[in-house]
Every structure is written in C-alpha cells, then in structure tokens.
Amino acid sequence: MTDSSLRLVPVTPDNFDAVCAVRVHPDQEHLVSPVMKSLAEAYVHGDTAWPRAVVDGDEVVGFVMAFMDYVWDPAKDPEHRRSGLWRLNVAADRQGRGYGRFAVEAVTEEIRRRGGERVYVTWKPAQNSPEPFYLGLGFRRTGELSGDEPVGVLDLV
C-alpha cells in the first residue's frame, strides 16, 4: 500500500461487483453487515448515506459508508444532527495494512470539509470488537448506546 494510491471513490456500475465482493474475516461477520445490505441502506437513506469504495491503485480493498447530518434521536430532539462512520468493511486478505485507518481518516476529513465538528461511530460489544481500533484512532466513548452498541466520538475542533 502506498498512501498516494489510496482513495475513496463512489460506488458505480463499473466497480459495483468488486465492492459487493468485499468480505471480512469469517470471525468478524457478526460485527458488520455485508456490503450488499449497506448499499441497500444507502439507497433507502439517500439523503444521509455516503457510501464509498476503498481503492488502492485499481483494486477495491474495502467499503466504507458514512452518515451525514443524520437526525440522531428524532423523538428526543428532531433538530440534533450527527455525522459519522456507519460501516467499515476491509477485505479479509487486505486487513492489517492501514486501509481501515485510511478509510476512517478520509471520512473524518469529508465531515470536516462539510463543517462537522465531531465524528461518531458505534460498534458491537462482542468478541473481536473493533472498539480498540476506534479508540486507537482517538475516538472516546460517549456513555451513550445506540440500540445495544456503545457510541464513540472523535472531536474535530
């Protein structure tokens, strides 16, 4: 991997099959939804979803989806919006090479570019949880839960 060859690109008809072929390690499948489900959710939540292929050179190595200006808890405060990381899938044979870190940092920069002051993420509290990964990137627990998942935040200001 070279940083200059890494980029996030929109999911298009040309890369759709390669993006859908991204599979995490079998022992991580209980932690993150398959890319196909994420793309369906992106379609349904078209106003807030920001799906992207993680590409190294010409090869799709992962998938990331952010949520932008999402109404966090409409019953509590219909005006409170958040942006953050919704999904991160790095191909099993490409893990441990910095692609996940790159994807999170690229999403963070996009949120910053849009004027965001914080980036949110949730994770499943289970075996092989990505919690240490997110905490290592500077996220901290907020004390909140989204469903049964802890919420983390990274301050940008």
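Using a 4.5 Å heavy-atom cutoff, the side chains of Leu88 and Val104 are in contact. In this structure, Val60 and Val22 have side chains that are in contact, with non-hydrogen atoms separated by less than 4.5 Å. At least one side-chain heavy atom of Arg101 sits less than 4.5 Å from a side-chain heavy atom of Leu137. Arg114 places none of its side-chain heavy atoms less than 4.5 Å from the side chain of Ser83. Side-chain contact between Val9 and Asn15 is present, with at least one heavy-atom pair separated by less than 4.5 Å. Using a 4.5 Å cut-off on side-chain heavy atoms (C-beta onward), Ser38 and Phe63 make contact. Annotation: side chain of Arg140 is not in contact with side chain of Tyr134 (no heavy-atom distance under 4.5 Å). For the pair Arg7 and Arg52, the minimum side-chain heavy-atom distance is 4.5 Å or more.
In the displayed structure, Phe133 atom CZ is contacted under 6.0 Å by more than 12 heavy atoms of other residues, nucleotides or ligands. More than 12 heavy atoms of other residues, nucleotides or ligands shown are found within 6.0 angstrom of CG on Asp93.
In terms of heavy atoms, Ser146 sits closest to Thr122 at CB-CG2, 3.9 Å. For the pair Pro130 and Leu31, the tightest heavy-atom approach, listed with the atom from each and the gap, is CD-CD1, 4.3 Å. Annotation for Val71 and Pro78: closest pair CG1-O, 3.6 Å, computed over non-hydrogen atoms.
Grouped with Val157 in a hydrophobic cluster is no other residue, since no side-chain heavy-atom contact under 4.5 Å to another Ile, Leu, Val, Met, Phe, Trp or Tyr is found.
Looking at residues two or more places apart in sequence or on another chain, you find a ring pair (Phe, Tyr, Trp, His ring centres under 6.0 Å) between His45 and Trp86.
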**Report entry** Verdict with reasoning, Asp155 to Arg118, per salt bridge (charged side-chain N to carboxylate O under 4.0 Å, His left out)
**Finding:** CA-CA 5 Å; Asp155 293 315; Arg118 288 172 202 80; 3.5 Å; yes

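Distance alone, capped at 3.5 Å, is enough to place a donor-acceptor pair between the Thr142 side chain and the Val151 backbone. Side chain of Gln95 to backbone of Val90: a donor-acceptor contact under 3.5 angstrom is found. In this structure, the side chain of Glu59 does not engage the main chain of Asp56 through any donor-acceptor pair within 3.5 Å.
The residues Glu131 and Arg141 are annotated as salt-bridged, a charged nitrogen and a carboxylate oxygen being separated by less than 4.0 angstrom.
Taking the ring centre of Tyr120 as origin, the terminal cationic atom of Arg82 falls inside the region bounded by 6.0 Å and 45° from the ring axis.
At a threshold of 4.5 Å between side-chain heavy atoms, the hydrophobic network of Ile, Leu, Val, Met, Phe, Trp and Tyr places Val61 and Val24 in two separate groups.
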